[in-house]
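Any value given below was found using the heavy atoms of this structure, including those in side chains, with hydrogens, waters and symmetry copies removed. Lettering of chains follows the sequences in order, A, B, ..., and the numbering in each one begins at 1.
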Amino acid sequence: MKAQVTPCSKDAYTLLHNGARALAQIEAAGMRVDIPYLDAAIKRTERQVKRLQARMERTDVARTWRKAYGPKTNFDSTQQLGDILFDWMGFDGSEETAGGSYKTDKVALGKIDHPFVRDMLRVRQLGKALNTNLRGLKREVQDEYLHPFFNLHTTTTFRSSSDHPNFQNIPVREEGIKQLVRRAIIPRPGRQLVEVDYSGIEVRIAACYHQDPVMIEYIRDETKDMHRDMAMECYMLAAEEVTKPIRYCGKNMFVFPQFYGDWYVDCAKSLWNATSEMGLVTESGLALGEHLKAKGIRRRGACIPGKDPVPGTFEAHIQAVEHRFWQERFRVYDQWKKDWFKAYQRKGSFRSKTGFLYQGYLKRNEVINYPVQGSAFHCLLWALSRLVLRELRRNKMKALVIGQIHDSIVSDVPEAEVDDYLLLTQEVMVEKLMKAWPWICVPLVIEAEVAPVTESWVAKKEVRITLAEHKAGWQGLEPGTREWSGYWILHPDEQEQMIAYTRARKIG
DNA sequence: AAACAGTGCGCG
DNA sequence: AAAGCGCGCACTGTTT
């Protein structure tokens, strides 16, 4: 059964009411689409897919497939694919889906070394971009503008959702696919696309619930790095040996899964898998597999639920890392999870910091995660509403908010307004929100990206919203002259100049 | 023809 | 004792 969530306080009601008003304005504004580019991209991708499919056709897998299925042959059928690969051709297919079929997802196919399978994965990736993203844009665009819906009434956690098309799952992680799709989203003439996001908002909001002092210190002290620290532990590395991809794995294959309620068996699998799949190499150039061998770990371990891991395996190591993570490092967080779930079991409901009542039959992990996910989004919703309904209008600005992605705000801003707009986001998303909601007991931080004038969403580059003294010191100006706050904007070229300046001063 | 479950995959 | 949270969308294959 699904959880029932109701705004049960006046504040919660007002938040949703104003949120709906703001999102309606955002939907009405819409975002501009580069139609000529979109048409060309669709044609180009169609050709690419066809070429790959023709190449797949010339392999033994395709021939076997056609022999087995005749005219019913369909390369998009996962059922047929599993049958051909694992029953007909004898590839090793140990993994099963929930429904008891062969698993044929990216991870399962990644273990099969065959040209047909490699091409199929590429066709899937391109096909997703083509059929879902590019054709989705094409289908929904009206007179050069796209108006995705943003809903507040569809989710169990009281986050938002987006559809027709979904603006919240446009590719960004794979560079090529990101370029292909995001290139189609452009600003109005003479304007710039701006995206401002909360950094680590769920971690920060979770801290407001559990108040673990170790976590709060990680958040407050900017020189500390939790994801790097956990990557060090998982892969038994010194801090200097942690590369960006290794840190990425620590973050996305251990820390976040652990926060969401995952356990060491699955963490061990993905962390171990990543060493070869991603070709992880330490900062001094040693393959991670070799490094672990030198540390005495040669095997992954069986990773079978219910079976204790064999000592000396990677699985046993990650089990120990998990134990330290919750029993030593984040003891208070661990205790909060237990207490919070117990209280839910007693009452059958719980109330979020933002005034929403969650009730119904919930699993432990849902009880832990819902309030955090919901309240984190509500921070964005509050700031978004304030910005759209009040601040932009009050300051007679022409900047338009055009979308929202859970923890980020996307806008289409006239060139002349960009700096003021960015200062305003700092003011609203950080200063005003923290004043409005005193339960936020850790600092909030935002990060901003700006694309050059009239250039598309792919061209966005990070800008820094920095304390005025920093820039004033660099430019030899008096700080505190700006209208909004003690902040100033550093664009990419200025960042380089400032770094050069600081370096020159240090040498001098 | 429409509805539904299952699978896979894009995002936070 | 259980064992990753939340979405939307495309597609296959079955049921209504």
Contact nearer the 5' end of DNA chain C, comparing Ser270(A) with Pro165(A): Ser270(A)

Any [X] side-chain N or O less than 4.0 Å from OP1/OP2 of [N]:
X: Thr104(A); N: dG8(B); answer: yes
X: Arg173(A); N: dC9(B); answer: no
X: Ser101(A); N: dT7(B); answer: yes
X: Arg364(A); N: dA3(C); answer: no
X: Lys106(A); N: dG10(B); answer: yes
X: Arg135(A); N: dC11(C); answer: no
X: Thr154(A); N: dG8(C); answer: yes
X: Arg124(A); N: dC9(B); answer: yes
X: Lys103(A); N: dG8(B); answer: yes
X: Thr156(A); N: dC7(C); answer: yes
X: Asn131(A); N: dC11(C); answer: yes

Answer with base, sugar-phosphate or nothing: what part of the nucleic acid does [X] contact at a heavy-atom distance below 4.0 Å?
X: Gln373(A); result: base
X: Val265(A); result: nothing
X: Asn169(A); result: base
X: Asp266(A); result: sugar-phosphate
X: Pro171(A); result: sugar-phosphate
X: Ser162(A); result: sugar-phosphate
X: Ser160(A); result: nothing

Kindly indicate whether the side chain of Val367(A), heavy atoms from C-beta on, has any atom under 4.5 Å from the side chain of Trp340(A). yes

Whether the [X] and [Y] side chains hold a donor-acceptor pair (N or O, under 3.5 Å, no angle test) is what I'd like checked.
X: Gln125(A); Y: Arg122(A); answer: yes
X: Gln211(A); Y: Trp336(A); answer: no
X: Gln404(A); Y: Gln168(A); answer: yes

Only pairs with both distances under 3.5 Å count, Watson-Crick or wobble alike; so what is the partner of dT15(C) in this structure? dA2(B)

When the distance from [atom1] of [X] to [atom2] of [N] is rounded to whole Å, what number comes out?
X: Asn166(A); N: dG6(C); atom1: CG; atom2: P; result: 16 Å
X: Glu322(A); N: dA3(C); atom1: CD; atom2: C1'; result: 9 Å
X: Glu96(A); N: dG6(B); atom1: CD; atom2: C1'; result: 14 Å
X: Tyr248(A); N: dG12(B); atom1: OH; atom2: P; result: 9 Å
X: Ile170(A); N: dC9(C); atom1: CD1; atom2: C1'; result: 13 Å
X: Asp163(A); N: dA10(C); atom1: CG; atom2: P; result: 11 Å
X: Tyr370(A); N: dG6(C); atom1: OH; atom2: C1'; result: 8 Å
X: Leu109(A); N: dT7(B); atom1: CG; atom2: C1'; result: 12 Å

Locate the shortest heavy-atom distance separating Ala376(A) from Ile205(A); write the atom from each residue and the value. CA-CG1, 3.8 Å

Any N/O donor-acceptor pair, Gln168(A) side-chain to dC7(C) base, under 3.5 Å: no

Determine whether any donor atom in the side chain of Arg159(A) lies under 3.5 Å from an acceptor atom in the base of dG12(B), or the reverse, and answer yes or no. yes

Applying the ring-ring contact (aromatic ring centres under 6.0 Å, His included) test to His210(A), which of Phe330(A), Trp326(A), Tyr333(A) qualifies? Tyr333(A)

Using a 4.0 Å cut-off on heavy atoms, which residues in residues 62-81 of chain A reach DNA chain C? List them by number, or say none. Asn74(A), Asp76(A), Ser77(A), Gln79(A), Gln80(A)

Name the orientation class of the two ring planes belonging to His406(A) and Phe377(A) (parallel below 30°, tilted from 30 to 60°, perpendicular beyond 60°). perpendicular

Salt bridge (Lys or Arg N to Asp or Glu O under 4.0 Å) against Lys251(A), all qualifying residues, sequence neighbours excluded: none

Of the candidate nucleotides dG12(B), dG10(B), dA3(C), which contains the atom at the shortest distance from the side chain of Gln125(A)? dG10(B)

Is any NZ, NE, NH1 or NH2 atom of the basic residue among Lys307(A) and Glu315(A) found under 4.0 Å from an Asp or Glu carboxylate oxygen of the other? no

Charged N-O contact under 4.0 Å between Asp39(A) and Lys138(A): yes

